[in-house]
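For ligands, and for the atoms within them, numbers begin at 1 and follow the listed sequence. Sequential numbering from 1 along the given sequence is applied to the chain's residues. All heavy atoms count here, side chains included; hydrogens, waters and symmetry mates do not. As the structure is a computational prediction, the values presented were derived from the model and not from experiment.
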Amino acid sequence: MQRGLAHNTASRYRLAPGTARTFQLPAMPDFHPLAPPAFRPTCELCREAGGALVFQSAQWRVIRAEEAAFPAFYRVVWRAHVAEWSDLSLAEQATMMGVVGTVERVLREALAPTKINLASLGNVVPHLHWHVIARFDWDSHFPAPVWAAPAREVVPAPVTRLRTSLPELDARVARAVAALGPAA
Ligand SMILES: [Zn+2]
């Protein structure tokens, strides 16, 4: 997997025939960068969504990382450029953790994963974000972290093993986090 955030940032979904009526995607604005000083021109997560944009509020956004080995891999990104968790106020930390917990809950309900992994590293892209990753005992790295060396090859593709399609999963995540704050 890629270690940076150089993902395909196209956030539009391509639906399989016949699936379009099974769920409703909330209307989402396109990603737009913040103005300075919240914006750092050298920072990838300031310039780009960093994955498939699922929902964006005034303070945070939820993206899906688009990692083939880990299809249910979401990130909660603080929109203003800060590097460290303690750069946020306690109230902001509570807001962000509320989003992280909500994404986790949806992944548990929709996918029944073996485990949820939460992580905030930022060594490669030092812009505050939390990883929320549904892990399965069959995935390529389990029980090691997703950043470790793979332990096995997974065939057929991981995405085909999920009990919920990615567009439907995105829609469920978007609906759940939308209840925490309005779209921006
Ligand atoms: Zn940034």
Side-chain angles (χ1 to χ4, degrees), residues 1-13 25-107 116-135 141 144-148 166-167 169-184:
M1 67 180 281
Q2 297 171 3
R3 288 185 171 269
L5 289 167
H7 307 294
N8 173 11
T9 54
S11 59
R12 297 297 154 247
Y13 307 107
L25 271 180
M28 266 302 301
D30 289 329
F31 172 76
H32 56 274
L34 296 175
F39 174 86
R40 294 277 177 87
T42 56
C43 173
E44 196 172 333
L45 278 178
C46 282
R47 292 195 313 265
E48 301 169 17
L53 184 60
V54 174
F55 189 86
Q56 179 171 258
S57 82
Q59 288 183 303
W60 45 267
R61 66 178 178 271
V62 176
I63 61 170
R64 181 165 45 73
E66 301 181 298
E67 296 280 0
F70 307 102
F73 184 157
Y74 289 79
R75 293 191 183 100
V76 179
V77 182
W78 195 252
R79 289 189 66 196
H81 184 93
V82 295
E84 304 292 354
W85 182 235
S86 55
D87 289 331
L88 299 188
S89 69
L90 285 178
E92 291 169 335
Q93 289 178 351
T95 295
M96 196 173 190
M97 241 343 109
V99 183
V100 169
T102 298
V103 175
E104 170 178 317
R105 197 170 300 116
V106 172
L107 298 187
I116 296 287
N117 287 173
L118 302 181
S120 181
L121 302 169
N123 301 336
V124 178
V125 182
H127 176 131
L128 184 61
H129 57 282
W130 279 90
H131 304 280
V132 186
I133 314 163
R135 300 296 308 276
H141 291 53
V146 300
W147 299 279
L166 289 184
L169 189 59
D170 287 349
R172 288 177 67 166
V173 168
R175 278 198 301 268
V177 298
L180 303 174

- Does the ring-ring contact (aromatic ring centres under 6.0 Å, His included) test come out yes or no for H131 and H129, once each step is laid out? CA-CA 7 Å; H131 304 280; H129 57 282; 4.9 Å; yes

- If you check every N/O/S atom of H127, which is the one nearest the Zn ion (ligand 1)? ND1

- Among the N, O or S atoms that H81 has, which is closest to the Zn ion (ligand 1)? ND1

- Query: Sub-3.5 Å donor-acceptor pair from the side chain of R47 to the main-chain atoms of P41, do we have one?
  - Reply: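 The answer is yes, because a donor-acceptor pair under 3.5 Å joins these two groups.
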
- Message: Ring centres under 6.0 Å, that's the criterion: do W85 and W130 meet it?
- Response: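 Centroid separation for W85 and W130: below 6.0 Å.
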
- Taking the side chain as C-beta and beyond, is there a heavy-atom pair between L107 and L169 under 4.5 Å?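 A side-chain contact exists here, since the closest heavy-atom pair is under 4.5 Å.
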
- Task: Give a rough value, rounded to 10 degrees, for the angle at the Zn ion (ligand 1) between atoms SG of C43 and SG of C46.
- Result: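 C43 SG and C46 SG form an angle of 120° at the Zn ion (ligand 1).
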
